[in-house]
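Owing to the predicted nature of the structure, the values given are computational and were not obtained by experimental measurement. Side chains are part of it too, since the values below use all heavy atoms of this structure and drop only hydrogens, waters and symmetry mates.
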Amino acid sequence: MTNLLILGAGGHGHVVAETARAMRYSDGNPIYNKIDFLDDLKSEALGKLQDLPLLKKEYQEVFPAVGDYGKRLELYAKAKRFGFSVPVLIHPEAYVSPSATIGEGTVIFPKAVVHTGATIGKECILSIGSLIDYDCVLEDGVHLDCGAIIKGSRIPEGERIPCGMVIEKQKEMRKR
């Protein structure tokens with residue numbers, strides 16, 4: 001089994017931790033043996049973000065779990081620089097097509113759907129109930145809030161799509 005260190009112990013970090021805890025191998029065993037946090041402000045954290053290189057022997061994987069894309073990307077780059085693996089975290093209640101491509105550091109929460117041939121970049125957040133239709137592309141750092149739907153579109157790097165927003169053919173937007 002693997003140990004996971006989550007960078008950020010705020011609300012998003014806790015949802016990421018729950019997703020990681022829910023993940024299982026096909027034999028039912030948990031993927032992660034141990035899950036801890038690094039955070040500069042939260043007392044529940046194992047240590048501060050600057051402690052990351054000191055924990056390389058104990059933790060094999062690191063997951064940047066902050067809402068701000070710029071900060072996520074910075075933490076991702078730091079984790080890679082120190083030789084950590086950055087996993088893709090997919091909640092078991094999400095559907096991800098076998099033909100979809102998912103980039104490192106992306107988290108997919110329960111009830112999200114990533115359909116046939118979709119391409120999801122690194123460091124993306126696909127919140128509860130979000131839907132990415134076939135052949136869509138989410139560039140790096142895209143954050144889909146709850147219930148956002150992407151159909152026939154390419155979403156540019158770092159975009160945040162609000163709850164319930166439907167985007168069809170790139171520019172056309174309307175509330176559900």
Side-chain angles (χ1 to χ4, degrees), residues 4 6-24 26 30-32 35 37 39 42 61-80 85-176:
L4 175 67
I6 297 174
L7 307 181
H12 180 60
H14 283 278
V15 178
V16 165
E18 282 189 10
T19 295
R21 282 187 201 102
M23 294 171 62
R24 301 270 186 252
S26 59
I31 291 176
Y32 295 104
I35 299 171
F37 295 98
D39 192 297
K42 303 286 184 175
E61 295 185 352
V62 166
F63 196 91
V66 295
D68 177 79
Y69 170 55
K71 184 68 173 172
R72 270 197 325 277
L73 191 60
E74 177 186 316
L75 293 171
Y76 171 82
K78 183 183 277 191
K80 296 301 278 185
S85 293
V86 179
V88 171
L89 300 178
I90 302 172
H91 194 281
E93 293 182 17
Y95 171 75
V96 177
S97 167
S99 65
T101 304
I102 313 294
E104 284 185 323
T106 289
V107 62
I108 303 175
F109 292 127
K111 308 301 182 200
V113 174
V114 180
H115 227 298
T116 308
T119 301
I120 311 301
K122 69 182 180 201
E123 291 301 316
C124 291
I125 300 170
L126 280 58
S127 294
I128 293 172
S130 57
L131 185 141
I132 299 86
D133 204 6
Y134 68 93
D135 296 335
C136 289
V137 175
L138 304 187
E139 294 182 3
D140 294 347
V142 170
H143 181 166
L144 300 184
D145 279 327
C146 302
I149 298 173
I150 310 301
K151 186 169 177 56
S153 298
R154 175 183 209 96
I155 306 301
E157 181 176 351
E159 285 290 316
R160 185 172 186 160
I161 308 300
C163 293
M165 179 71 73
V166 176
I167 298 182
E168 294 184 76
K169 297 183 177 71
Q170 187 66 23
K171 297 292 180 185
E172 188 179 322
M173 294 184 214
R174 68 177 189 278
K175 284 283 186 184
R176 240 193 323 177

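- Note that the CD atom of Glu61 and the CD1 atom of Ile35 stand 10.0 Å from one another [nearest 0.5 Å].
- Between the OG1 atom in Thr106 and the CZ atom in Arg72 there is a gap of 8.5 Å [rounded to 0.5 Å].
- The two atoms that bring Glu123 and Gly105 nearest to each other are OE2-CA, 3.3 Å, heavy atoms only.
- In this structure, the side chains of Leu7 and Val66 stay at 4.5 Å or more apart for every pair of heavy atoms.
- Remark: Ala22 engages His91, Pro92 in a side chain to side chain contact (heavy atoms under 4.5 Å, CB included) (not counting sequence neighbours).
- Legend: residues meeting side chain to side chain contact (heavy atoms under 4.5 Å, CB included) with Ile90, ordered by chain and number and at least two apart, are Val88, Ala94, Val96, Ile108.
- Contacts of Ser99 classified as side chain to side chain contact (heavy atoms under 4.5 Å, CB included), with partners at least two apart in sequence or in another chain: Ser97, Thr116.
- Using a 30° and 60° split on the angle between ring planes, His14 and Phe37 fall in the tilted class, from 30° to 60°.
- Of all the heavy atoms in Cys124 and Gly141, the pair that sits closest is SG-N, 3.7 Å.
- The two residues Leu4 and Ala20 make their nearest non-hydrogen contact at CD2-CB, 3.6 Å.
- Applying the salt bridge (Lys or Arg N to Asp or Glu O under 4.0 Å) test to residues at least two apart or on different chains, the pairs with a partner in residues 95-104 are Lys80-Glu104.
- Going from atom CD1 of Ile155 over to atom CZ of Arg160 covers 14.5 Å, rounded to the nearest 0.5 Å.
- Here the side chains of Leu89 and Tyr32 are in contact, with some heavy-atom distance below 4.5 Å.
- Here the straight-line distance linking atom CD1 of Ile102 with atom CD1 of Ile120 works out to 5.0 Å at 0.5 Å rounding.
- In this structure, Ala148 and Pro162 approach most closely via the heavy-atom pair CB-O, 3.8 Å.
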Problem set entry | Verdict with supporting geometry, Lys78 and Val62, side-chain contact (heavy atoms from CB on, under 4.5 Å) | CA-CA 10 Å; Lys78 183 183 277 191; Val62 166; over 6 Å; no

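- With sequence neighbours excluded, the residues forming a side chain to side chain contact (heavy atoms under 4.5 Å, CB included) with Lys42 are Ala9, Asp39, Glu44, listed by chain and number.
- Salt bridge present: Lys71 and Glu74 bring a charged side-chain N and a carboxylate O closer than 4.0 Å.
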Show me the donor-acceptor pairs, under 3.5 Å and distance only, between side chains in residues 125-140 and residues at least two apart or in other chains.
residue : atom : partner : partner atom : Å
Ser127  : OG   : Leu144  : O            : 3.0
Ser130  : OG   : Ser127  : O            : 2.8
Asp133  : OD2  : Lys151  : NZ           : 2.8
Glu139  : OE1  : Glu157  : N            : 3.1
Glu139  : OE2  : Arg154  : NE           : 2.8
Asp140  : OD1  : Lys122  : N            : 2.9

